[in-house]
Amino acid sequence: MPDDILNSFTNGPDQDGRFGTFGGRFVSETLMPLILELERHYKHARTDQCFWDEMHHLWTHYVGRPSPLYFAARLTERLGGARIYMKRDELNHTGAHKINNVLGQIILARRMGKTRIIAETGAGQHGVATATVCAKFGLDCVVYMGAHDVQRQAPNVFRMKLLGARVVPVTSGRGTLKDAMNDALRDWVTNVRDTFYCIGTVAGPHPYPAMVRDFQAIIGKETKEQMMAAEGRLPDTLIAAIGGGSNAMGLFFPFLDDSEVQIIGVEAGGKGVDAAMAHCASITGGRPGVLHGNRTYLLQDADGQILEGFSISAGLDYPGIGPEHAWLHEVERATYVAVTDADALHAFRLCCETEGIIPALEPSHALAHAMKIAPALPPEHIICMNMCGRGDKDIFTVARALGVEMEGG
Ligand SMILES: *Cc1c(COP(=O)(O)O)cnc(C)c1O
C-alpha cells in the first residue's frame, strides 16, 4: 500500500474517512466503537506482510488469480477501431470479483477473533461469496436480503443455503438492498462481541470504502502488469460498470496517478436517465446526500427520500455510489456515463457471438460503452474493460427480455 505521495489521487481518504467532501463516518454513537475497532485492526493488517501473504495464497489457490487479461480480437475487428482488452474477473471462483473483497474481510475477521459473519445482499452475489468463504473457514453466516429480492433471486438464495448460510428476508422499509443494509447494521450493534459485518461494495462508513477498495485493487495491479507484458505500455482507456463501485474502484485505483489513462465508470441507465427514476445512475441522475454512514451521490426525491432505482441488472441497483467515485467525479479524474438496458443487452449478445464469452449483465454495461466509443478511435488506442462477472445467473433475465420462452425461469 502506498504511503502519502505529493499530489497523488491515491492518498485518500483523510483520517476522518473523507474523500474531498464525500465519505466520512455518519454513524450512531452505538456503532462508533465497532467502527473504530475495525479501523484499528485494518490499519494494522494493511501493512502486515503476513496478512497479504495469506490473501495471495488464497487468491492463487482458492479464487484462481491472477485472472487473465484477454485481447478480444473478433470484437475489435467487428467494431473497427480501438483495441479492446477484457480483464477476466468473471473466471474467479463464484463467478465475479466479489470474492476478492470477501476473502480480505474474513481473514481480517478471523484475526479479530470474530466467529459470526453478517452481510447484506441485493442480487445475492455478495451473499453467495460471503457464504462461500464462511463455509471454507467454518464460520457462522447470516445474510440479510430484501424480501422482494429473496423472491426474485431464488437460485442465489438456494446457493447460500447449500453453503450453510442463514438468509434473513428483510421486510422493513421497502424490503430492498438499502433496507437489508440497515438491518445488518442493526444486527452488528446488538451482537458486538462475536460479529463481523462484511460489506459488499465500496460503501458504508469509513474504513469500509477504503478497505474494500484496497482488497479489490488486485484487479488493477494485475491489469497494469499484464498490459505492460502484452503491449509494453499502459492502456489509454479503462472502463468498468458501477453498482456501488467496487469492481470499478479495484480496476481504477492503481491507475489514478497515470494521468495519460482515461477512466470511465458506467452507471445503469435503465430505461434512460431522463425516464423518471427508471434508472440507477447515482452520479448521472442523482445528487449528494447521506446514506449508510457516508456522504455521496444518491438517487433521491425532492425531500431527500431515497428512491429505488431500476436496471435490468440486479447487481447494479444500489441507490448510491462509493464516496471515492463521487470525489473522482468532482475533481474530474474520472468520467461517469450511463448506459441503457437496451444497449447493455445488445453488448451482451455481441460478446456471446464474437468472443464465446457469456458476460454478466453488469459488465455488459461497461462493454456497451466500449462499443460506443471504439469505432471512432484509432487502432493504436487501447481500451481495457473489466469483465467482472459471468452471465450464467442472467440467462433467464435475458431470455425474458428477448421474449424467449424457457423452462425453469
Ligand atoms: C455486485 C456486482 C456488481 C456491482 O457491484 P460493484 O461494487 O459496483 O462492483 C457488478 N458486477 C457484478 C458481476 C456483480 O456481481
Side-chain angles (χ1 to χ4, degrees), residues 67 86-102 104-105 119-130 132 143 145 149 153 155-156 159 177 180-181 198-204 208-209 211-220 238-253 264-268 280-283 292 296-297 309 311-326 328 334 336 338-339 344 347-348 351 357-368 385-395 397:
S67 66
M86 299 174 173
K87 177 60 174 164
R88 302 284 308 276
D89 252 52
E90 97 279 13
L91 294 175
N92 292 338
H93 181 41
T94 69
H97 62 289
K98 296 262 177 13
I99 197 161
N100 301 331
N101 160 51
V102 169
Q105 290 195 51
E120 85 294 334
T121 198
Q125 297 296 108
H126 175 58
V128 169
T130 305
T132 297
V143 179
M145 189 169 188
D149 289 329
Q153 310 292 340
N156 274 341
R159 279 186 191 103
L177 172 59
M181 212 159 164
C198 180
I199 294 188
T201 190
V202 285
Y208 282 103
M211 179 171 70
V212 175
R213 171 202 72 197
D214 291 344
F215 294 149
Q216 291 292 2
I218 186 68
I219 301 172
L238 296 175
I239 306 181
I242 297 199
S246 69
N247 86 84
M249 224 38 251
L251 176 66
F252 299 167
F253 189 70
I264 305 174
V266 182
E267 299 190 301
C280 261
S282 309
I283 285 188
H292 296 139
T296 189
Y297 277 82
S311 167
I312 190 171
S313 157
L316 297 182
D317 71 4
Y318 180 62
I321 181 168
E324 192 165 8
H325 286 292
L328 290 172
Y336 295 83
V339 156
F348 175 99
C351 185
I357 295 171
I358 301 179
L361 282 168
E362 294 90 353
S364 296
H365 285 70
L367 199 58
M385 63 79 60
N386 197 8
M387 183 58 77
C388 60
R390 54 177 173 246
D392 312 40
K393 68 182 177 62
D394 291 323
I395 53 169
T397 307

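Remember, it's 1-based here, ligands and their atoms both numbered in the order they're listed.
- Residue contact check: T201 has heavy atoms under 4.0 Å from atoms 6 (P), 7 (O) of ligand 1.
- Residues Q153 and M145 have side chains in contact (heavy-atom distance under 4.5 Å, counting atoms from C-beta outward).
- Checked by distance only, ligand 1 and G245 come closer than 3.5 Å through their nitrogen or oxygen atoms.
- Taking all atoms of both residues into account, the shortest heavy-atom contact from S282 to P319 is OG-O, 3.4 Å.
- Listed by number with element, the atoms of ligand 1 under 4.0 Å from a non-hydrogen atom of I242 are 8 (O).
- Counting heavy atoms closer than 4.0 Å to ligand 1, residue N247 contributes atoms from both its backbone and its side chain.
- In terms of protein heavy atoms, atom 6 (P) of ligand 1 is closest to S246 N, 3.3 Å.
- Close approach of ligand 1 to Q125 (heavy-atom distance below 4.0 Å) involves ligand atoms 15 (O).
- A parallel orientation is assigned to the rings of H292 and Y318, their planes being inclined by less than 30° (bins at 30° and 60°).
- The shortest N or O to N or O distance between V202 and ligand 1 is not below 3.5 Å.
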Any chance you could lay out the side chain to side chain contact (heavy atoms under 4.5 Å, CB included) test for H325 and I242, step after step, and finish with the verdict? CA-CA 10 Å; H325 286 292; I242 297 199; 3.8 Å; yes

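- If you number the atoms of ligand 1 from 1 as listed, the ones under 4.0 Å from a heavy atom of G315 come out as 3 (C), 4 (C).
- The shortest separation from a heavy atom of H97 to ligand 1 is under 4.0 Å, placing the residue in contact.
- Residue contacts with ligand 1 leave out A248, since none of its heavy atoms falls under 4.0 Å from the ligand.
- Those atoms of ligand 1 with a heavy atom of G389 less than 4.0 angstrom away are 13 (C).
- With sequence neighbours excluded, the residues satisfying side chain to side chain contact (heavy atoms under 4.5 Å, CB included) with A344 are V339, S364, H365.
- Put simply, the side chain of I219 reaches to within 4.5 Å of the side chain of N386, judged on heavy atoms.
- Between L316 and ligand 1, a contact under 3.5 Å exists for no N or O pair.
- Each of the atoms 10 (C), 11 (N), 12 (C), 13 (C) of ligand 1 lies under 4.0 Å from some heavy atom of C388.
- Applying the 6.0 Å contact sphere to CD1 of I358 captures no more than 12 heavy atoms from other residues, nucleotides or ligands.
- Of the options K98, M249, H126, Q216, the smallest heavy-atom separation from atom 3 (C) of ligand 1 is shown by K98.
- Taking the charged nitrogens against the carboxylate oxygens, E362 and K393 do have a contact shorter than 4.0 Å, which makes a salt bridge.
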Verdict with reasoning, I283 to E267, per side chain to side chain contact (heavy atoms under 4.5 Å, CB included): CA-CA 8 Å; I283 285 188; E267 299 190 301; 3.7 Å; yes

